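See below for the structure under consideration.
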Amino acid sequence: MTVRVRFAPSPTGYLHIGGARTALYCYLYAKATAGTYVLRIEDTDQARSKIEYEDALIEDLKWLGITHTEGPDCPAVAGPYRQSERNNIYKKYSDQLISEGKAYPCFLTEEELIVLTEKAESEKKAPHAYHGEYRRLDPSEAKKRIEAGESYVIRFKNPAKKVTFKDLVRGEVTFPEDMVGDFVIIRSNGLPVYNYCCVVDDYLMKMSHIIRAEDHLNNTCRQILLYNALGAELPHFVHVSLLVGEDKQKLSKRHGATSVSKYKNMHYLPSALMNYLCLLGWSHPEEKDIFDLETLGDTFTLERFSKSPALYDIKKLNYFNEQHLRKLSVEEIDGYFSKVIPTDHPYHDQTKEWRLCFTELYTDKIQLFSDVLDFLPDVFTDTFSKDDNYNDVITWETTRPLAKYLKSELEKLDDNSMPSKELIDTWMTHLKKELKIKGKALFMGTRIVLTGKNHGPDLKVLVSLTKVSTLVQRCSLALS
RNA sequence: GCUCCCAUCGUCUAGCCUGGUCUAGGACACCGCCUUUUCACGGCGGUAACAGGGGUUCGAAUCCCCUUGGGAGUACCA
């Protein structure tokens with residue numbers, strides 16, 4: 001069997017984390033089985049769908065490395081891939097269903113519907129029980145009313161049978177015969193409804209597996225009913241667990257940073273985001289945690305999905321980012337730093353050699369590229385606020401003579417130069433031999449005078465990256 | 001309300017299908033130690049879980065039932 005899977009977002013907003021995960025699973029499964037992954041745009045909700053969102057969706061997917069071979073922006077194989085361009089197809093099949101007596105026009109007005117719903121509720125009956133009202137209306141009578149311009153929808157004639165199917169992650173799932181009523185497949189404005197076009201498309205596009213999140217599980221009932229009516233073979237259903245927030249509810253905007261573009265803008269590594277998302281509800285057969293998705297190959301199988309919802313935890317994502325970041329070369333990290341740091345920052349005026357040295361110094365101290373922003377002042381700011389640690393170290397009796405000596409030595413140098421590591425070495429030696437300052441007093445003292453902090457990366461390298469004028473000012477501050 | 005789904009450390013999970021090797025393994029986070037005359041990285045170690053109750057069985061985290069808890073759906077949204 002050739003595997004064909006699709007990711008079918010609706011362009012009503014930006015791609016979010018949950019959607020990205022679903023897309024990823026589709027993509028990985030197609031890749032594992034040498035199948036095809038297609039992107040379909042579900043834009044039947046005219047009011048909310050926007051082409052900008054579609055563009056952004058494709059852009060974000062591309063950034064994540066989830067590439068489709070069939071979609072609205074590719075040569076059509078089983079297209080069109082935008083539902084808004086397939087209305088004639090949906091019409092054709094709904095006409096067919098009507099002629100076969102499997103669907104019918106319904107003239108219930110919105111007001112009548114509200115009344116019926118309320119009545120059903122008060123009688124504690126299923127609210128859809130009444131929908132069959134126009135089932136037996138004579139076709140010629142219906143035709144007359146349609147021609148008279150009366151508003152109507154097309155409803156599916158539900159055979160009211162129990163629906164059972166085997167979900168590849170949930171196992172056997174059964175819906176009772178009264179789960180749904182005669183649901184609408186074509187709206188009064190002539191446009192089809194999600195559950196209907198989804199089935200028509202998946203059928204016509206020959207989808208072998210429907211991989212989607214669990215919030216669609218109940219929709220599967222209506223959809224199977226439609227597959228049966230269309231005489232179509234059922235695809236395999238794969239309902240993946242939901243992604244939830246702190247409150248255990250379905251992940252949504254109100255949970256904070258949930259759109260993929262946010263992470264792109266924050267310069268997260270797409271490989272890290274994908275790696276983390278992949279493991280939220282799926283486990284590696286060898287229990288690996290940090291890996292490159294492209295190397296997964298056919299180890300990605302449908303059997304390793306977890307059934308329970310997974311909580312999205314940004315702390316763990318940051319850890320994945322840190323691990324993926326560590327695998328990058330200094331040059332690559334410098335490239336990201338250059339993107340993160342504002343263009344007018346003096347960082348960009350430094351030599352390549354300086355930047356690589358700086359990058360190397362800080363690589364193992366960051367989780368996110370933007371963390372570098374916190375470290376920039378280490379070398380670029382002349383003064384700093386004196387915190388508690390500073391005030392403590394600065395009062396040591398050894399610190400003042402130490403600062404005085406360093407200042408005098410620094411003043412011998414060109415303001416715009418940076419002291420060499422060797423030079424700093426000789427200063428340290430002098431301080432130890434001549435001024436008898438050693439151990440913690442020496443290293444901590446030098447660090448606090450020259451950098452203002454009592455901890456940080458390798459001191460000699462750090463100082464060798466700092467301009468003499470800056471260091472002199474810091475010494476002055478220590479002596480003031 | 002009704003329908004469906006889910007239930008192992010705080011979190012992500014392994015183990016479950018094919019009961020015994022599980023005094024339940026790994027990862028994040030947290031704590032401690034080592035390393036680094038700092039911090040971080042790294043290494044080592046620690047705290048921490050089978051929701052509850054009944055069965056079945058010589059034996060249950062694993063199989064069955066019930067209870068409880070959580071979630072999703074219940075549209076002329078997708």
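Model, not experiment: these values are computed from the prediction. Residue numbers begin at 1 in each chain, while the letters A, B, ... track the order of the sequences. No hydrogens, no waters, no symmetry mates; every other heavy atom, side chains included, goes into these values.
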Just call it for [X]: base, sugar-phosphate, or nothing, with non-hydrogen atoms closer than 4.0 Å on any strand.
{"X": "A/His239", "answer": "nothing"}
{"X": "A/Lys250", "answer": "sugar-phosphate"}
{"X": "A/Thr44", "answer": "sugar-phosphate"}
{"X": "A/Arg304", "answer": "sugar-phosphate"}
{"X": "A/Thr174", "answer": "sugar-phosphate"}
{"X": "A/Glu287", "answer": "base"}
{"X": "A/Ser283", "answer": "sugar-phosphate"}
{"X": "A/Arg447", "answer": "base"}
{"X": "A/Val173", "answer": "sugar-phosphate"}

Mind checking who [N] pairs with, Watson-Crick or G-U wobble, both distances under 3.5 Å?
{"N": "B/G69", "answer": "B/C6"}
{"N": "B/U11", "answer": "B/A27"}
{"N": "B/C33", "answer": "B/G43"}
{"N": "B/C50", "answer": "none"}
{"N": "B/C63", "answer": "B/G55"}
{"N": "B/A75", "answer": "none"}

Q) Listed by chain and number, what are the ring pair (Phe, Tyr, Trp, His ring centres under 6.0 Å) partners of A/His267, not counting sequence neighbours? A) none
Parallel, tilted or perpendicular: which fits the ring planes of [X] and [Y], with parallel below 30° and perpendicular above 60°?
{"X": "A/Phe358", "Y": "A/Phe337", "value": "perpendicular"}
{"X": "A/Tyr336", "Y": "A/Phe369", "value": "parallel"}
{"X": "A/Tyr312", "Y": "A/Tyr276", "value": "tilted"}

**Q.** Neighbour count >12 (heavy atoms, 6.0 Å) for atom NZ, A/Lys453
**A.** yes
**Q.** A/Glu286 bridged to A/Lys288 by N-O distance under 4.0 Å
**A.** yes
Q) With the threshold set at 4.0 Å, does a side-chain nitrogen-carboxylate oxygen contact exist between A/Asp45 and A/Arg48? A)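 Salt bridge between A/Asp45 and A/Arg48, a charged N being under 4.0 Å from a carboxylate O: yes.
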Q. In terms of the nearest nucleotide of RNA chain B, which residue is placed more toward the 5' end: A/Arg170 or A/Gly439?
A. A/Arg170
Q.
Closest-nucleotide mapping onto RNA chain B: is A/Asn219 or A/His284 further toward the 5' terminus? I mean the 5' end.
A.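 It is A/His284, whose closest nucleotide lies nearer the 5' terminus.
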Grab the N/O contacts between the protein and nucleotides 40-48 of chain B below 3.5 Å, and write none if there aren't any.
residue	atom	partner	partner atom	Å
B/A40	O2'	A/Asp364	O	3.0

Q. With distance as the sole criterion, do the side chain of A/Asp215 and the base of B/A78 form a donor-acceptor contact below 3.5 Å?
A. no
Q. Is any N or O donor-acceptor pair between the side chain of A/Lys307 and the base of B/A7 shorter than 3.5 Å?
A.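 By the distance-only test, no, there is no pair.
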Q: Drop me the distance from A/Ile424's CD1 to A/Thr429's OG1, to the nearest 0.5 angstrom.
A: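 That separation rounds to 11.5 Å.
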Q) How long is the line joining CE of A/Met179 and C1' of B/A75, in whole Å? A)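 Spelled out: CE on A/Met179 to C1' on B/A75 is 14 Å.
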